[in-house]
Amino acid sequence: MDKINYSVVSEFVLLGLSSSHELQYFFFVFFFALYIAIVLGNLLIIIAVTSDSSLHSPMYFLLGNLSFFDICQASFATPKMIADFLREHKTISFSGCIAQISFIHLFTGGEMVLLVSMAYDRYVAICKPLHYMIIMNRSTCTALVIISWAVGLVHTLSQLSFTVTLVFCGPNEVDSFFCDLPRVVKLACIDSYNTEILIVVNSGILSLSTFSLLVSSYAIILVTVWFKSSAAMAKAFSTLAAHIMVVVLFFGPCIFIYVWPFTTYPVDKILAIFYTVFTPILNPIIYTLRNRDMKSVMGKIASRYFKPPKVSEMPLVARIFFH
């Protein structure tokens, strides 16, 4: 029997968001500024939650962990995407591609579960306020964060177990700005239909179940508040509307891309930007700028680190200069 010679793929070519040089320069400036805002915004939340005792509560503990997830999620591919805007040849090694696939499913899967944990925290706070500190104690909060990471790890390992057996020997162009699993699987030299089904089932169970839990918890909260007073209902709806917007922007693209046998569309890579770049910048805005306590603590931190010192607090040489 004749042996078939396969030229094993050692790297993939990322086609990126656009081939236009003018657009790439614009994208470089835009996404560079956006990435800096993501890192600084979420880092400021983590510093505020850990340094100020008034924010040492279950809600802010989970919020700080969400910010850490957002930094990780924005960092697995965005820095390379930004650098690629200035490169003629946008390539990534095979191992680098596998790493991107593993990181995106680790962070995305973990954040899905953490969002459910945050919704559960709000449910307990509103529907069972007298038992809130008993239910949401430190052990419970720590367990919820550990479960989030564990689910993300199991999810990414299962996705990798479906893909590492695939053989890549021919086409190596990925029509995206990172190694998006549906597009990478399509490049395999063997029939990947069964693998696609397994990946869809895995992603579908996680994304649809967590999305259903989130919607259910929000519905229960609104019904509970509705029976209390119209003013409380209006306040709760105003808060939850912003949360629901983030959930839709995060889960919508994931469900569209991953929850049926892979049919890739040009819009997929645009949708991928929502859960890799836009959601990490929206979370600090939605969960922080609408929160009075968080804004107050952030103001203190900003004044502490960025406000010019008084003349009396300056070193002797500086005081002589000003006089």
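As the structure is a prediction and not an experimental result, all values here were calculated from the model. What you see below is based on every heavy atom in this structure, not just the backbone, and it leaves out hydrogens, waters and symmetry mates.
- With a 4.5 Å cut-off on side-chain heavy atoms, V185 and F162 do not count as touching.
- Once rounded to the nearest 0.5 Å, the distance linking CG of L86 with CD of Q24 reads 8.5 Å.
- Looking at heavy atoms from C-beta onward, R87 lies in side-chain contact with K80 at the 4.5 angstrom threshold.
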Exercise for review: Walk me through it: do F76 and T276 pass the test side chain to side chain contact (heavy atoms under 4.5 Å, CB included)?
Suggested key: CA-CA 9 Å; F76 86 96; T276 57; 3.8 Å; yes
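- The cluster map of Ile, Leu, Val, Met, Phe, Trp and Tyr, joined by side-chain heavy atoms under 4.5 Å apart, puts L213 and I135 in the same cluster.
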Practice item. Evaluate side chain to side chain contact (heavy atoms under 4.5 Å, CB included) for I104 paired with Y275, printing each intermediate quantity in order. Key: CA-CA 10 Å; I104 182 60; Y275 63 85; 3.7 Å; yes
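- Atom-to-atom distance recorded for I45:CD1 and L63:CG is 5.0 Å, nearest 0.5 angstrom.
- Inter-residue side-chain proximity for V247 and V215 is flagged as unmet; no heavy-atom pair is nearer than 4.5 Å.
- Between the side chain of D84 and the main chain of F177, no donor-acceptor pair closer than 3.5 Å is present.
- F168 and C189 get closest at one heavy-atom pair: C-SG, 3.8 Å.
- With hydrogens and angles disregarded, a donor-acceptor distance shorter than 3.5 Å links the side chain of R183 to the backbone of D175.
- Two residues are said to be in side-chain contact when any heavy atoms from C-beta on lie closer than 4.5 Å; F12 and T91 fail this criterion.
- Ring centroid separation for the pair F31 and Y35 does not come in under the 6.0 Å cut-off.
- Counting only distance, with no hydrogens or angles, the side chain of Q100 and the backbone of C179 share a donor-acceptor pair below 3.5 Å.
- From L214, atom CG reaches atom OG of S117 across 9.5 Å, with rounding to the nearest 0.5 Å.
- Put simply, CD1 on I199 and CG on L181 are 4.0 Å apart, with the number rounded to the nearest 0.5 Å.
- Considering CG of N65 and CH2 of W149, their distance stands at 8.5 Å, rounded to 0.5 Å.
- A donor-acceptor pair is defined here as one N or O able to donate and one able to accept, closer than 3.5 Å; such a pair exists between the side chain of S209 and the backbone of L206.
- K186 has its side chain within reach of E196: a pair of non-hydrogen atoms, C-beta onward, lies under 4.5 Å apart.
- Shortest non-hydrogen contact noted between F178 and A272 is CE2-CB, 3.8 Å.
- Between F85 and F32, the distance from one ring center to the other does not fall under 6.0 angstrom.
- Under the 4.5 Å side-chain criterion, counting only non-hydrogen atoms from C-beta, E111 is not in contact with S148.
- With values rounded to the nearest 0.5 angstrom, S51 atom OG is found 11.5 Å from I46 atom CD1.
- Each of V113 and V154 belongs to its own hydrophobic cluster when Ile, Leu, Val, Met, Phe, Trp and Tyr are linked at side-chain heavy-atom distances under 4.5 angstrom.
- Between the side chain of N202 and the backbone N or O of L198 there is no donor-acceptor pair closer than 3.5 Å.
- Hydrophobic clustering (side-chain heavy atoms under 4.5 Å, transitive across Ile, Leu, Val, Met, Phe, Trp, Tyr) keeps L15 apart from L23.
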Review point. Given N137 and T140, is the side-chain hydrogen bond (donor to acceptor under 3.5 Å, both in side chains) satisfied, shown in steps?
Key: CA-CA 5 Å; N137 54 55; T140 302; 3.0 Å; yes
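- T163 places a side-chain N or O within 3.5 Å of a backbone atom of L160 that can act as its donor or acceptor partner.
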Exercise for review: Please lay out, stage by stage, how F251 and M112 fare under the test side chain to side chain contact (heavy atoms under 4.5 Å, CB included).
Suggested key: CA-CA 8 Å; F251 280 87; M112 286 180 178; 3.7 Å; yes
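- No continuous path of hydrophobic side-chain contacts links V13 to V184 [ILVMFWY only; heavy atoms under 4.5 Å].
- A heavy-atom distance below 4.5 Å is not found between the side chains of D52 and Y60.
- Heavy atoms only, all atoms of each residue included: V297 and S54 are closest at CG2-OG, 3.8 Å.
- With a 6.0 Å radius and a threshold of 12 heavy atoms from other residues, nucleotides or ligands, F103 has its CZ atom at or below the threshold.
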Practice item. Start with the C-alpha gap between M136 and L144, add the side-chain angles, then the distance that decides, and say whether side chain to side chain contact (heavy atoms under 4.5 Å, CB included) holds. Key: CA-CA 10 Å; M136 296 301 296; L144 290 173; 3.9 Å; yes
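- Between the side chain of T210 and the backbone N or O of S207 there is at least one donor-acceptor pair closer than 3.5 Å.
- Below 30°, between 30° and 60°, or above 60°: for F278 and F30 the angle between ring planes is above 60°, a perpendicular geometry.
- Between Y25 and H21, the two ring planes are tilted [angle within 30° to 60°].
- Both I36 and I38 belong to a common hydrophobic cluster when Ile, Leu, Val, Met, Phe, Trp and Tyr are linked at side-chain heavy-atom distances under 4.5 angstrom.
- The shortest heavy-atom contact between C127 and I220 is SG-CG2, 4.4 Å.
- With T50 contributing its side chain and I47 its backbone, the two residues share a donor-acceptor pair below 3.5 Å.
- Looking only at distances, no side-chain donor or acceptor of T108 sits under 3.5 Å from a matching main-chain atom of H105.
- Side chains of H131 and V124 form no contact here, defined as non-hydrogen atoms less than 4.5 Å apart.
- When all heavy atoms of A74 and P79 are compared, the closest pair comes out as O-CD, 3.8 Å.
- Considering T279, I281, I273 in turn, I273 is the only one that fulfils the side-chain contact (heavy atoms from CB on, under 4.5 Å) rule with V277.
- Scanning both residues, M118 and L62, for their nearest heavy atoms gives CG-CB, 3.8 Å.
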